[in-house]
Number of protein chains: 2
Amino acid sequence: MEKLLENPDFEEAAEVLKEYLRREYTVQINGLCTVNYQGRAKSKLDRGERIVFKKQDSALLVHGPENYQPKNWQPEVDSWRVEAEEEGLFLRAERTNPDESVEIRFEDLEFLTVSQLVDKSELKIRGHEVDIHESIEEEPDIIEEELKVIEREKETPAGFIDVFAMDKDDNYVVIEVKRNPDYNTVLQLQRYVEEIEEEFQGVIRGILVAPKMTDKILSYLEERDLEFVDVDMEDVIASYEAVDNSQKGLSDFSADYSTK
Amino acid sequence: MEKLLENPDFEEAAEVLKEYLRREYTVQINGLCTVNYQGRAKSKLDRGERIVFKKQDSALLVHGPENYQPKNWQPEVDSWRVEAEEEGLFLRAERTNPDESVEIRFEDLEFLTVSQLVDKSELKIRGHEVDIHESIEEEPDIIEEELKVIEREKETPAGFIDVFAMDKDDNYVVIEVKRNPDYNTVLQLQRYVEEIEEEFQGVIRGILVAPKMTDKILSYLEERDLEFVDVDMEDVIASYEAVDNSQKGLSDFSADYSTK
DNA sequence: ACTTTCAGTTCGTTC
DNA sequence: GAACGAAGTGAAAGT
């Protein structure tokens with residue numbers, strides 16, 4: 001911890017902010033403030049106690065006492081302005097592209113910290129849509145027995161077909177993979193099938209592959225003679241873990257964490 | 001500030017967490033930790049220094065030193081588990097619907113704070129899509145002169161039409177408002193127009209109203225004989241401000257902020 | 001409680 | 001740099 005100031009006065013705080021805001025430090029301010037945003041939209045946040053922090057890549061967050069998401073933010077700040085005022089502390093974070101700014105006016109400061117966090121590790125996450133793709137690629141049987149994948153990301157005038165395949169009766173199969181399917185997904189699959197019907201002869205099957213389904217979407221599918229195959233997300237994740245374990249050791253390194 | 005512990009030991013910290021996690025306090029822990037998430041997906045975050053906080057509504061956030069968004073989170077936690085271990089502090093946040101959990105294992109604690117933030121004010125924001133709707137409602141001329149609004153949110157088999165209107169030549173006009181238009185917006189507008197063509201006689205015009213437009217989407221529109229009208233977001237916001245100012249004083253109240 | 005749609009979406013990838 | 005789609009999307013409004 002570089003600095004920890006409890007109930008700093010505005011000039012003291014301004015000095016610290018001017019020194020550290022523009023550098024790669026994490027700065028946190030808890031205090032009573034008002035916040036104004038202007039840019040793509042415009043917002044106003046009246047007086048309240050909040051947690052404000054600037055991260056080491058100059059991201060700015062204003063968090064209230066509730067809610068997962070911040071009240072105001074700025075993903076990347078280009079320029080800062082700090083001013084100690086008679087009865088407050090003014091902070092302005094501006095960026096271009098898009099042009100927007102967040103202005104914070106503190107009326108009371110509870111505490112302020114400056115620190116440098118070391119975090120070299122990356123988040124490894126599985127369960128995205130692309131992981132379903134990989135599962136199908138490795139084991140087409142999870143869709144249907146004796147299914148043969150012909151092409152992935154097959155281009156059509158209506159867009160890219162996730163998986164283009166052939167079933168055991170030599171029918172072409174258009175497969176659309178969606179983690180979160182909705183009505184548009186059905187329409188899209190229908191358009192793909194129509195494109196393939198123009199390009200190829202015979203019966204063209206359309207299958208929506210998803211980890212969840214609702215009755216409504218299922219009925220949309222049935223109205224259009226399209227099919228649904230359920231995939232278990234747990235299986236998808238499990239198949240990844242098997243691969244991951246086999247590669248163990250490759251990315252095994254330890255980062256240094258100096259005790260500050 | 002209820003509590004502020006610098007470099008607490010694990011048992012000390014566990015005690016505080018057990019006392020305050022389940023209550024309406026904001027709890028923040030800075031420290032070296034690993035994080036695992038399992039639920040809709042599965043993620044793993046190796047050792048790193050992070051800011052963890054639990055908000056007063058039991059939202060949980062794990063922030064790294066970079067990026068606007070948290071590394072891990074939980075919008076609402078149903079149950080907590082805290083355990084002081086020999087060489088660490090274990091924290092588990094679980095929720096149902098969907099079933100998921102975040103597990104944090106601290107190996108080092110830099111500091112821990114407990115506080116109660118008072119923030120009764122709500123974020124007032126303008127520039128949403130609905131604000132464009134209101135602008136049109138107040139002043140249909142911004143779309144086109146002598147345009148008369150017949151119905152808003154008109155239902156059709158293809159969905160709800162934002163604004164259904166009639167132009168000065170007595171042609172029906174289907175208006176779709178989008179803050180962020182894309183290809184699907186065009187298709188949707190086209191479907192609405194087709195529905196109206198079945199229901200009514202004569203020429204049916206389709207207009208996409210948006211604050212921004214790309215050449216590509218514009219050409220999609222033209223291919224389908226659909227039109228585009230640009231709205232200036234600044235004007236939309238300005239018209240709101242005029243209304244807001246006229247209502248000044250109505251929502252003018254001061255919340256109490258006790259100095260703790 | 002479930003569905004639908006918007007978001008200052010953000011973020012990544014690809015062209 | 002624009003465009004397209006996914007997200008552990010989240011959040012709000014309507015049913």
Side-chain angles (χ1 to χ4, degrees), chain A residues 35-45 59-60 62 66-76 95 97-102 123-133 153 155 159-160 162 176-185 188 211-212 214-217 233 236-237, chain B residues 35-45 59-62 67-76 95-102 122-133 153 155 159-160 162 176-185 188 211-217 220 233 236-237:
Chain A
V35 188
N36 287 293
Y37 161 81
Q38 181 145 26
R40 288 168 288 174
K42 187 172 185 173
S43 78
K44 212 173 101 177
L45 189 54
L60 177 72
V62 179
E66 294 180 355
N67 225 317
Y68 144 80
Q69 65 173 189
K71 295 267 192 186
N72 281 100
W73 69 94
Q74 201 80 271
E76 211 178 319
R95 72 160 171 161
N97 198 7
D99 274 316
E100 50 188 5
S101 65
V102 172
L123 184 70
K124 291 165 204 149
I125 188 164
R126 280 290 137 155
H128 286 197
E129 197 169 293
V130 66
D131 302 314
I132 304 175
H133 285 244
E153 298 298 319
E155 193 171 7
F160 288 86
D162 285 336
E176 171 73 12
V177 178
K178 275 285 173 196
R179 195 181 194 287
N180 296 303
D182 61 9
Y183 180 54
N184 269 329
T185 310
Q188 199 169 33
K212 58 184 174 187
T214 64
D215 290 345
K216 213 161 193 174
I217 296 173
M233 225 52 210
V236 171
I237 294 168
Chain B
V35 188
N36 287 294
Y37 160 80
Q38 181 145 25
R40 287 167 290 177
K42 186 172 185 173
S43 77
K44 212 173 101 176
L45 190 54
L60 177 72
L61 295 165
V62 179
N67 226 321
Y68 142 80
Q69 67 173 187
K71 295 267 191 184
N72 281 98
W73 69 93
Q74 202 80 272
E76 213 179 317
R95 72 160 173 161
T96 50
N97 198 7
D99 273 317
E100 49 187 6
S101 66
V102 172
E122 276 180 29
L123 184 71
K124 291 165 204 149
I125 189 165
R126 279 288 137 155
H128 285 341
E129 196 168 292
V130 65
D131 302 315
I132 304 176
H133 284 243
E153 298 299 319
E155 192 171 7
F160 287 86
D162 285 336
E176 171 73 13
V177 178
K178 274 286 173 197
R179 195 182 196 287
N180 297 304
D182 61 9
Y183 180 54
N184 272 329
T185 310
Q188 199 170 32
K212 58 184 173 186
M213 181 49 56
T214 64
D215 290 345
K216 213 160 194 174
I217 297 174
Y220 289 142
M233 224 54 211
V236 171
I237 294 169

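Within every chain, numbering begins at 1; the chains are lettered A, B, ... in the order of the sequence lines, protein sequences first and strands thereafter.
Using a 3.5 Å distance cut-off with no hydrogens or angles, the side chains of A:Asn72 and A:Ser43 do pair a donor with an acceptor. Donor-acceptor pairing under 3.5 Å is recorded for the side chains of B:Thr185 and B:Asp182. There is a side-chain donor-acceptor pair under 3.5 Å between A:Lys212 and A:Asn180.
For the OP1/OP2 pair of D:dC4 and a distance below 4.0 Å, the side-chain nitrogens and oxygens of B:Lys216 include at least one atom meeting the criterion. Distances shown here put a side-chain N or O of B:Asn67 below 4.0 Å from the OP1 or OP2 atom of C:dC11. Regarding contacts with the backbone of D:dA7, every side-chain N or O of B:Arg40 stays at 4.0 angstrom or more from both OP1 and OP2. Under 4.0 angstrom from either OP1 or OP2 of D:dA6 there lies at least one side-chain N or O belonging to A:Lys178. Applying the 4.0 Å criterion to OP1 and OP2 of D:dA6, one finds that A:Asn180 has every side-chain N and O outside that range. Under 4.0 angstrom from either OP1 or OP2 of C:dT10 there lies at least one side-chain N or O belonging to A:Trp73. Of the side-chain N and O atoms in B:Arg179, one or more sit less than 4.0 angstrom from OP1 or OP2 of C:dT9.
When heavy atoms are screened at a 4.0 angstrom cut-off, B:Glu129 is found touching the sugar-phosphate backbone but no base atom. Among the heavy atoms of the strands lying under 4.0 Å from B:Glu100 is at least one base atom, whether or not backbone atoms are also near. Counting non-hydrogen atoms under 4.0 angstrom, A:Ser43 reaches nothing in the nucleic acid. If you check every strand for non-hydrogen atoms under 4.0 Å, A:Tyr183 touches nothing. The residue B:Asp182 sits apart from the nucleic acid: no heavy atom pair falls under 4.0 Å.
A side-chain donor-acceptor contact under 3.5 Å links B:Asp162 to the backbone of B:Val177.
Position along DNA chain C of the nearest nucleotide to A:Gln74 versus A:Asp215 favours A:Asp215 as the more 5'-ward residue. Sequence order on DNA chain C of the closest nucleotides to B:Tyr68 and B:Gly127 puts B:Gly127 first from the 5' end. Along DNA chain D, the nucleotide nearest to A:His128 and the one nearest to B:Phe160 differ in position, and the one closer to the 5' end is contacted by A:His128. Nearest-nucleotide positions on DNA chain D place B:Thr214 closer to the 5' end than the other of B:Thr214 and A:Val177.
The CG atom of B:Asn184 sits 11 Å away from the P atom of D:dA6 (whole-angstrom rounding). In this entry the distance linking NE2 of B:His133 with P of D:dA12 reads 19 Å, nearest Å. C:dT4 atom C1' lies 11 Å from atom CD of B:Gln188, rounded to whole Å.
Both stacking criteria are satisfied for B:Tyr37 over the base of D:dG8: a centre-to-centre distance under 5.5 angstrom and an angle between ring planes under 30 degrees.
For the P atoms, the distance from D:dC4 to D:dG8 is 23 Å, rounded to whole Å.
Taking CD of A:Gln69 as the reference point, atom OH of B:Tyr68 lies at 6.5 Å (rounded to 0.5 Å).
Looking at B:Gln74 and B:Glu100, their side chains come closer than 4.5 Å, going by heavy atoms from C-beta outward.
When both distances must be under 3.5 Å, the Watson-Crick or G-U wobble mate of D:dG8 does not exist.
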